[in-house]
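Remarks on the structure that follows.
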Amino acid sequence: MQQKITPCLWFDNEAEEAAQHYLSIFENSRVLRTSRYPEGTPQPAGTVMTVEFELDGRQFIALNGGPQFRFNEAVSLSVVCEDQEEVDYYWSRLCEGGEEGPCGWLKDKYGLSWQVSPRVLDEMVTDPDPEKAKRATEAMMRMKKIDIAELRRAYDG
């Protein structure tokens, strides 16, 4: 079944490079189609216009649209991890050449914001016991990359 809503990521001229970078990080990923600018368009004819690709089965479009627009934190991609090994893997690969942010957020080398967090984080910060939820939330607020063991210690009190 074709995905009904597909995020389009606007790059200056790094769409193909970025798509390849993301494909190298996520399993079950592939390029679906690459289109090129024709004559008489704002970009040089023959240069990459869009790259349609899948990351772990989810479709995206990377567009070389020029320098007018930049990514910001208003939109991010969230990666839910099962354990600390996964958190560490995605954090290190996505943060390569980018910058760490607070509470499991980072910007990759293209400026795209990502959230890398363990599934258990959501369970802890939404626990029906308000004290446990508060301790877990306070611990998360002090972190950059999420540390599950530290979260667990705070949550357990």
Is C103 close to M141 at the side-chain level, that is, under 4.5 Å between some pair of heavy atoms? yes
Polar side-chain atom of N28 near backbone of G57 as donor-acceptor pair, under 3.5 Å: no
Tell me whether Q43 contacts the main-chain N or O of T41 through its side chain, where contact means a donor paired with an acceptor under 3.5 Å. no
Look at K145 together with D88 and state whether they make a salt bridge at an N to O cut-off of under 4.0 Å. yes
Can you hop from Y155 to V120 via hydrophobic side chains spaced under 4.5 Å? yes
Above 12 or not: heavy atoms from other molecules or residues under 6.0 Å from CZ of R58? no
Take the angle between the ring planes of F53 and F60 and call it parallel below 30°, perpendicular above 60°, tilted in between. parallel
Tell me whether the count of non-hydrogen atoms from other residues, nucleotides or ligands lying under 6.0 Å of CD in E82 goes above 12. yes
Just by distance, do the side chain of S24 and the backbone of H21 share a donor-acceptor pair under 3.5 Å? yes
Sub-3.5 Å donor-acceptor pair from the side chain of S113 to the main-chain atoms of K107, do we have one? no
With W114 as partner, the option from W91, F71, Y22, W105 fulfilling ring-ring contact (aromatic ring centres under 6.0 Å, His included) is Y22
Check E138 with K134, please: is the shortest side-chain N to carboxylate O separation under 4.0 Å? yes
Keeping the roles fixed (side chain from Q84, backbone from I146), state whether a donor-acceptor pair exists under 3.5 Å. yes
Treating Ile, Leu, Val, Met, Phe, Trp and Tyr as nodes and any side-chain heavy-atom pair under 4.5 angstrom as an edge, say whether V75 and W10 lie in one connected cluster. no
For the side chain of R33 and the backbone of E52, is there at least one donor-acceptor N/O pair under 3.5 Å apart? no
Parallel, tilted or perpendicular for Y90 and F26, by the 30°/60° rule? parallel
Would a single hydrophobic cluster contain both L9 and I25, if residues Ile, Leu, Val, Met, Phe, Trp and Tyr are joined by side-chain heavy-atom contacts under 4.5 Å? yes
Mind checking whether L77 and Q115 have side chains closer than 4.5 Å, heavy atoms only? no
Q3 (side chain) donor-acceptor with Q59 (main chain) under 3.5 angstrom: yes
Donor-acceptor check, side chain of D108 to backbone of L94, threshold 3.5 angstrom: yes or no? no
Linked, directly or transitively: V48 and I61 (ILVMFWY side chains, under 4.5 Å): no
Quick one, E14 and K109 - any side-chain contact, counting heavy atoms below 4.5 Å? no
